[in-house]
Amino acid sequence: MSITIHFGGQLESLKDLDALLSFTTYYAEEHDWSFSALKEDSQTQLQPWEKGISLQANPEIEPLHIYFDDCLTLSTFCKTQFGGVEAHLEIIAFLHAIEDFFQDFWVEDEGDYWKTNDQLLLKSKIDFVAQILDDIDKSIKEQKDENKWKYN
């Protein structure tokens, strides 16, 4: 359980894929994000559409995996809960930066920032989930302390 941004879309051509990956690499470099591109080596030969990149915008959140299927469709997600509001905003800014590469692009933001641009709403949702996670952790610790937790 955590605040997650689900997103994806459809590219029109391999040319769009190359342009998107080139832009994504540039974006990562400009924002000091670590990244690794999927590349061929002596043991792996990739199909033309088997290109992609993984981005690490913030060490507290999951990496973004930008990989496409053979129809040039992307469908992925990034959990931002533990990076807080700022990390969530960074990912949303990146998604806005890449959306024009797609002929069909969608975002389902559990923090509702994509649709509302409301940072207070996003913060309240992140805080709410954090409280639930803290309550669960506290309950587990109490159960362990009382020797009632069977999963030690």
Side-chain angles (χ1 to χ4, degrees), residues 1-12 16-39 44 46-47 49-145 149-152:
M1 167 185 275
S2 68
I3 299 296
T4 303
I5 304 168
H6 305 266
F7 64 96
Q10 178 73 46
L11 295 176
E12 193 169 314
D16 293 329
L17 175 59
D18 290 339
L20 171 63
L21 294 177
S22 177
F23 175 82
T24 299
T25 301
Y26 170 79
Y27 191 96
E29 289 171 346
E30 286 294 307
H31 290 85
D32 292 323
W33 294 2
S34 60
F35 64 93
S36 61
L38 184 61
K39 295 182 180 178
T44 307
L46 301 176
Q47 298 297 321
W49 53 268
E50 289 181 314
K51 298 175 184 175
I53 189 167
S54 290
L55 307 166
Q56 187 67 57
N58 179 309
E60 301 297 319
I61 66 172
E62 289 186 342
L64 285 165
H65 299 293
I66 311 293
Y67 296 103
F68 292 83
D69 66 15
D70 59 346
C71 296
L72 299 178
T73 301
L74 169 70
S75 181
T76 190
F77 64 92
C78 179
K79 293 182 182 221
T80 62
Q81 176 71 37
F82 303 108
V85 170
E86 191 60 38
H88 195 93
L89 296 178
E90 287 181 288
I91 300 304
I92 293 295
F94 171 72
L95 296 179
H96 279 297
I98 66 169
E99 69 182 310
D100 288 341
F101 286 93
F102 294 84
Q103 62 182 7
D104 180 30
F105 189 71
W106 57 269
V107 174
E108 292 178 18
D109 175 7
E110 294 175 357
D112 285 328
Y113 187 77
W114 179 263
K115 290 181 182 176
T116 67
N117 288 324
D118 186 339
Q119 289 187 30
L120 292 176
L121 176 61
L122 171 61
K123 182 175 179 357
S124 72
K125 288 183 176 241
I126 288 174
D127 291 348
F128 177 74
V129 172
Q131 184 62 53
I132 290 172
L133 294 172
D134 287 346
D135 290 348
I136 291 169
D137 187 53
K138 182 180 174 185
S139 178
I140 289 171
K141 285 178 182 174
E142 289 172 358
Q143 293 291 319
K144 281 183 176 181
D145 290 345
W149 184 254
K150 66 179 182 177
Y151 303 103
N152 289 324

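Both backbone and side-chain heavy atoms feed into the values below; hydrogens, waters and symmetry mates do not.
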Query - Pairs where residues 82-102 contributes a residue and the test salt bridge (charged side-chain N to carboxylate O under 4.0 Å, His left out) is met, not counting sequence neighbours - result: none
Which atom names give the shortest non-hydrogen contact between [X] and [Y], and what distance separates them?
| X | Y | value |
| --- | --- | --- |
| S54 | H65 | OG-ND1, 2.7 Å |
| Y67 | I53 | CE2-N, 3.8 Å |
| A28 | F35 | CB-CD2, 3.6 Å |
| N58 | A87 | ND2-CB, 3.7 Å |
| H6 | F77 | ND1-CB, 3.6 Å |

Just by distance, do the side chain of [X] and the backbone of [Y] share a donor-acceptor pair under 3.5 Å?
| X | Y | value |
| --- | --- | --- |
| S139 | D135 | no |
| Q56 | I61 | yes |
| E108 | T4 | no |
| D16 | L11 | no |
| E62 | C78 | no |

When rounded to the nearest 0.5 angstrom, what distance separates [atom1] in [X] from [atom2] in [Y]?
| X | Y | atom1 | atom2 | value |
| --- | --- | --- | --- | --- |
| Y27 | L55 | OH | CG | 10.0 Å |
| K138 | Q131 | NZ | CD | 9.0 Å |
| K123 | L89 | NZ | CG | 12.0 Å |
| E110 | L122 | CD | CG | 11.5 Å |
| K79 | I91 | NZ | CD1 | 14.5 Å |
| K51 | S22 | NZ | OG | 11.0 Å |

Query raised in the report: Between F101 and L74, is a side-chain contact (heavy atoms from CB on, under 4.5 Å) present by the stated rule, with each step listed?
Result: CA-CA 12 Å; F101 286 93; L74 169 70; over 6 Å; no
Query raised in the report: Does a sphere of radius 6.0 Å around CZ in F23 hold more than 12 heavy atoms from other residues, nucleotides or ligands, not counting ones at 6.0 Å or beyond?
Result: yes
Report task. Please say whether more than 12 non-hydrogen atoms of neighbouring residues, nucleotides or ligands are located less than 6.0 Å from CZ in F105. Result -> yes
Is there a side-chain contact between [X] and [Y] (heavy atoms, below 4.5 Å)?
| X | Y | answer |
| --- | --- | --- |
| F102 | L72 | no |
| F68 | L20 | yes |
| L95 | I98 | yes |
| V85 | Y113 | no |

Query - For D112, salt bridge (charged side-chain N to carboxylate O under 4.0 Å, His left out) partners two or more places apart - result: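 Partners of D112 by the salt bridge (charged side-chain N to carboxylate O under 4.0 Å, His left out) criterion, ordered by chain and then number, come out as K125.
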Query - Aromatic contact, W33 with F94 (centres under 6.0 Å) - result: yes
Report task. Check the pair L64 / T24 against side-chain contact (heavy atoms from CB on, under 4.5 Å), numbers first and verdict last. Result -> CA-CA 11 Å; L64 285 165; T24 299; over 6 Å; no
